[in-house]
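Worksheet for the structure shown next.
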Amino acid sequence: MRSFSKLPAMTGGAVQRAQEDMALIARGEELDLPWRRLRVLIDHGLVEITTPVILGGPLAGSRTSIAWTDEGTQFMGQEPSL
């Protein structure tokens, strides 16, 4: 089994970029977000890629989206939902 070391804390500039990227996701504009910056958010546990399944009807299948995690919600200064 492979072990990963803990990520270093983000610097001031990285925190600001992460907050801007989190705001893009909240507005549904993540298509403009480069993969390398999305990876930073995923690696720090701020967002996750979700694939909810839609059953039945003409929209049967699944759709991929990016969602804030509880850690991401706290990072943005909000309370996580219960």
Side-chain angles (χ1 to χ4, degrees):
M1 185 169 162
R2 187 175 188 184
S3 65
F4 294 96
S5 60
K6 186 175 178 178
L7 291 173
M10 285 191 258
T11 62
V15 168
Q16 182 177 354
R17 273 191 309 279
Q19 289 171 333
E20 292 168 0
D21 294 342
M22 295 284 286
L24 278 175
I25 292 167
R27 292 191 306 266
E29 298 172 359
E30 66 271 4
L31 288 177
D32 298 329
L33 187 59
W35 173 244
R36 66 183 168 276
R37 288 179 32 194
L38 178 58
R39 281 191 339 233
V40 170
L41 301 178
I42 293 169
D43 289 347
H44 283 275
L46 302 176
V47 298
E48 61 188 359
I49 297 174
T50 59
T51 54
V53 175
I54 301 169
L55 300 174
L59 299 176
S62 65
R63 227 180 131 157
T64 303
S65 65
I66 302 168
W68 289 9
T69 62
D70 287 344
E71 292 84 1
T73 302
Q74 290 174 353
F75 175 78
M76 294 298 284
Q78 299 180 18
E79 292 293 320
S81 60
L82 298 176

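Because only heavy atoms are used, hydrogens play no part in the values below, and waters and symmetry mates are left out as well, while side chains stay in.
Linking Ile, Leu, Val, Met, Phe, Trp and Tyr residues whenever their side-chain heavy atoms come within less than 4.5 Å places L33 and I49 in a single cluster. Both W35 and I25 belong to a single network of hydrophobic side chains, linked directly or stepwise wherever heavy atoms of I, L, V, M, F, W or Y lie under 4.5 Å apart.
In this structure, the side chain to side chain contact (heavy atoms under 4.5 Å, CB included) partners of M76, at least two apart in sequence or on a different chain, are Q19, M22, W68. Under the rule for a side chain to side chain contact (heavy atoms under 4.5 Å, CB included), the partners of Q16 that lie at least two apart in sequence or sit in another chain are E20. Looking at residues two or more places apart in sequence or on another chain, you find a side chain to side chain donor-acceptor pair (under 3.5 Å) between E29 and R27. In this structure, Q78 has no side chain to side chain donor-acceptor pair (under 3.5 Å) partners at least two apart in sequence or on a different chain. Evaluation of the side chain to side chain donor-acceptor pair (under 3.5 Å) rule for R37 yields D21 as partners, not counting sequence neighbours.
Within the model, atoms CD1 of I66 and CD of E30 stand 4.5 Å from one another, a figure rounded to the nearest 0.5 Å.
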Output side-chain donor-acceptor pairs under 3.5 Å for residues 38-46, partner residues at least two apart or in another chain, one line each.
none

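The shortest side-chain heavy-atom distance between V15 and M10 falls under the 4.5 Å cut-off.
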